[in-house]
Structures are given as C-alpha cells and as structure tokens.
Amino acid sequence: MAIRQPVSVNARSLLALLALVSALSATGLVAGGPATAATRSGPAPAAEASVQGATVHTVGTSAQSAAGTYWTPARMASATPVTPLRAPSAAQATGSGQATGSGQEHAAAGTPQPPPGTPDPTYFNGVPTVGALFFTTGSQAHFCTASVVDSATLNLVLTAAHCVYGSGYAANIAYVPEWHSGVSPYGVWPVRSITVASGWRQSQDPDLDFAFLKVAPPAGESRPVQLVTGGLLLGINAGYAHPVYVIGYNNTDSQPIGCATRSFEFEPTQIEFYCNNFWDGTSGGPWIADFNPATGTGVVVGDIGGYEQGGDYPWASYSDYYTWPTLHLYLQAEASQV
C-alpha cells in the first residue's frame, strides 16, 4: 500500500480503517498466531500474539496492578534512562528555566559540534498529552518519554520501541502523564499491551523504532486516557520539514524539556532535528507540529529513536519517518482490542 497524500489519523477516520483490518483478520489476510507464554518473569504471565508485521504482547492483570503500585515517587525519581548513549556532564542544568549550555562544553575533543544557531530547550512542567514512561529491565528501574495519540479506543500511547523491547519486553511498565518535580497529576497508568513491529523484535531495525502501548486507568479513574489528557493526531507521510515542538524527559532532570525547532530529512526513512541538551531519557519524546501549548495537542510527526536509537550527540536527534509501517502498526494495536 502506497500512501501518496499526508494523513492525520484521528478517532473518526480510524473507525473505517479498523473495520477493514477486522475484516482482513476474519478472512485470514491479516495473519494471527497462537498466544505463547512470555519469557520474562513477573507477577503474572503475559501473552504474545503475532499478526502480520506486528507482535502484540499482553500484560496480565496482576502484573498491571503490580506496576501501578510499584512506581512510588521515590522509585520514579531514582529511575535511569534505558540507553546511556548520550551522558550529560556536571555542567548540565537541573533547575527551572533554560537548559544551559550550547552542548559544546560537553563534547570531547574532535567530536562533532552543533551547528551555529542550534536552539536550547527550556524546562517546564509539561503538558497533559506527554509523560514519562517508567519500567524495569531485570532489577534496574528506567524511564523514557511517551505521548497519547488519538485513537478510536482512546487508550493508546506512542513511544520508541527500544524503550519497551530490547532482549525482552520491559516489565512493571506504566505511563505517567505530565510527570514533573515528583508530581503525577493524572496518576499512574499501567500498560495493558505493547505492540511492536516484528522487524524490530527480530533484528531491531532502526526504521521500525516505534511502539504503541495500550494503557489502563489508575484506581479511581474510569475514563480512558485520551478523555483525561487529550491526545495528538498521528501524522502519516506528512513530509520531512516542519516547525516542531519536541518534549522529553532528560537524564537527572525533574522536569521535562521542550524545544521549538525544525525537522528535516536525514535519509528517506529518517528525520532529524537540532536542539541542544537532549540527553538520555528523551527517547520516545514526540515531535509535535501545529503545537498548542495551552492543551498540548497537535500532530505528532516523529518520536526520538530510529538512527542510533535517537542519536549519539545531545544536539542532534532522530526519528523514523512515519509512513505505511507506522500506520500499519497503529492499526494493529487498535485492531487487537476490537
């Protein structure tokens, strides 16, 4: 399927697409596989179902409950990034206001430097549509960044695939919208399922470094996450060049950072932006076109990941370019709930 026109996917347009995917599943054109036992240990077994081009990993109800209670404020504060590729120096700011430094003071001699005019991000308390994604791998507690995307089922979150699947699936995984300074204004949302591309699971293809997570409401909340926080439209084949606002949770910081910058083509399957001080933890952070700072809404055209799992230098970040594989995985994440 070739997508020749830009597409912004929202709940209304998705209903017809879901009907098509369900029909294909019924006819066998979208292949389904038997559930298999998860290999990762945890409070309860999880299940895995393979569909054409995607793997849906279901988290058991007791594991969801355990994740909801595991993430105390102290554990959130002590979590570390999952991929320590871009480590900050002592010069990195940890307060409010502008994230200091051009990035050049962090670079070793002979390493590439940011182009002139590369912007600096600012610290802020965040927006409801973007949050921290907490999880464990073995005995280690980690975090990435994630965002709510508009969907018919109102419960999907987007992040980088490398945040949730490495040699196995992440455990104790939960999404915390607008987390900042130890505050979780919308509570802790346990993850019910993880959908990654089969190509990522098999070979960690950098062109498939995105994942969709189904989240469950915290105790005392009956509404799905999108009705609580709002969501971002998913921009498919939207073009490479955009003014974007990128949000992420940096290593050692208690607040998210945001940066107004521009995306551009890195290669046909990847996009890039320049902004200083995007360290580890920002993986999965959304690139938002048409950003509304009052509501946190807009069109997500990328998330930090892809090439070098987001990049080797804190001033240059990457994302997969969203085309058919992204839309296909999104539809599969939705269809698995129908």
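Between Thr122 atom OG1 and Gln255 atom CD the span is 9.5 Å, to the nearest 0.5 Å. Atom CG of residue Asp120 and atom CG of residue Asn276 lie 4.5 Å apart, to the nearest 0.5 angstrom. The structure places CG of Leu156 at 12.5 Å from CG of Leu232, a figure rounded to the nearest 0.5 Å. Ile194 contributes atom CD1, which lies 11.0 Å from atom CZ of Arg201 (distance to the nearest 0.5 angstrom). Residue Ser184 holds its OG atom at 11.5 Å from CH2 of Trp71, rounded to the nearest 0.5 Å. Note that the CZ atom of Phe264 and the CD1 atom of Ile271 stand 10.0 Å from one another [nearest 0.5 Å].
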> Is there a side chain to side chain contact (heavy atoms under 4.5 Å, CB included) between Phe291 and Val299 once you walk through the steps?
Replying inline: CA-CA 7 Å; Phe291 178 64; Val299 181; over 6 Å; no
>> Please determine whether side chain to side chain contact (heavy atoms under 4.5 Å, CB included) holds for the pair Gln64 and Val191, giving the CA-CA distance in whole Å, both sets of side-chain angles, and the decisive distance to 0.1 Å.
In response: CA-CA 6 Å; Gln64 294 173 41; Val191 169; over 6 Å; no
>> The test is side chain to side chain contact (heavy atoms under 4.5 Å, CB included); show your working for Thr282 and Tyr249 and say whether it passes.
In response: CA-CA 5 Å; Thr282 59; Tyr249 286 85; 5.8 Å; no
>> Under the criterion ring pair (Phe, Tyr, Trp, His ring centres under 6.0 Å), I'd like the reasoning laid out for Tyr240 against Tyr321: C-alpha separation, chi angles, the key distance, then a yes or no.
In response: CA-CA 8 Å; Tyr240 300 107; Tyr321 179 60; 4.4 Å; yes
> Does the side chain to side chain contact (heavy atoms under 4.5 Å, CB included) test come out yes or no for Trp287 and Val300, once each step is laid out?
Replying inline: CA-CA 5 Å; Trp287 308 19; Val300 58; 5.5 Å; no
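Side chain of Ser263 to backbone of His242: a donor-acceptor contact under 3.5 angstrom is found. At least one donor-acceptor pair under 3.5 Å links the side chain of Thr129 to the backbone N or O of Gly296. In this structure, the side chain of Thr261 engages the main chain of Tyr274 through a donor-acceptor pair within 3.5 Å. Of the possible polar contacts, one joining the Asp209 side chain to the Ala161 backbone as a donor-acceptor pair under 3.5 Å is found. Panel note: side chain Gln332, backbone Gly53; no donor-acceptor pair is recorded below 3.5 Å. Panel note: side chain Glu265, backbone Gln270; no donor-acceptor pair is recorded below 3.5 Å. One N or O on the side chain of Thr229 and one on the backbone of Val225 form a donor-acceptor pair closer than 3.5 Å. No side-chain donor-acceptor contact under 3.5 Å links Asn250 to the backbone of Gly281. Remark: the backbone N or O of Gly131 is paired with a side-chain donor or acceptor of Tyr175 at under 3.5 angstrom. Side chain of Gln226 to backbone of Ser151: a donor-acceptor contact under 3.5 angstrom is found.
Counting heavy atoms from C-beta on, the side chains of Pro256 and Tyr123 never come closer than 4.5 Å. Proximity of Ile288 to Val244: side-chain heavy atoms (C-beta onward) are nowhere separated by under 4.5 Å. Contact check for Ile304 versus Val246: side-chain heavy atoms found under the 4.5 Å cut-off. Within the 4.5 Å cutoff, the side chain of Phe212 has heavy atoms near those of the Thr326 side chain. The closest side-chain heavy-atom distance from Ser283 to Gln309 is not below 4.5 Å. Between Phe210 and Pro325, some side-chain heavy-atom pair lies under the 4.5 Å cut-off. Taking the side chain as every heavy atom from C-beta outward, Phe134 and Val176 approach each other to under 4.5 Å. Residues Thr145 and Val130 meet the side-chain proximity criterion, which asks for heavy atoms closer than 4.5 Å.
Cluster annotation: Val183 is not connected to Met76 through the hydrophobic network of ILVMFWY side chains, with a link wherever side-chain heavy atoms come within less than 4.5 Å.
With 3.5 Å as the limit, one finds a donor-acceptor pair spanning the side chains of Tyr322 and Asp303. In this structure, a donor-acceptor pair under 3.5 Å is absent between the side chains of Thr323 and Asn237. Between Thr153 and Asn155, the side chains place a donor N or O and an acceptor N or O closer than 3.5 Å (distance only, hydrogens not considered). The closest side-chain donor-acceptor pair between Asn125 and Glu178, if any, does not fall under 3.5 angstrom.
For the residue pair Pro217 and Pro190, the shortest heavy atom distance occurs at O-CD, 4.3 Å. In terms of heavy-atom proximity, Ala67 sits nearest to Ala174 at O-CB, 4.5 Å. Across all their heavy atoms, Ala146 and Leu133 have their closest contact at CB-CB, 4.2 Å. The minimum heavy-atom distance between Cys259 and Pro119, with the atom names listed, is SG-CG, 3.9 Å. Taking both residues in full, the closest heavy atoms of Leu329 and Ala54 are given as CD1-CB, 3.5 Å, listed atom of the first, atom of the second, then distance. Scanning all heavy atoms of the two residues, the minimum distance from Pro177 to Gly187 falls at CD-O, 3.6 Å.
Phe273 does not carry Arg262 over the face of its six-membered ring by the limits of under 6.0 Å from the centre and within 45° of the normal.
Under the 30°/60° scheme for interplanar angles, the aromatic rings of His162 and Trp200 are found to be tilted. Taking the six-membered ring for Trp and thresholds of 30 and 60 degrees, Phe124 and Tyr245 have ring planes more than 60 degrees apart, a perpendicular arrangement. Ring orientation note: the planes of Tyr318 and Tyr307 are nearly perpendicular, at an angle over 60° on the 30°/60° scale.
When each of Thr136, Thr137, Asp280, Asn172 is paired with His142, the side-chain hydrogen bond (donor to acceptor under 3.5 Å, both in side chains) condition holds for Thr137 and for no other. Paired with Trp189 under the rule side-chain contact (heavy atoms from CB on, under 4.5 Å), one option of Val228, Leu213, Val157, Val148 passes, and it is Val228.
Outside the 6.0 Å centre-distance limit, the rings of Tyr186 and Trp179 are not counted as a close aromatic pair.
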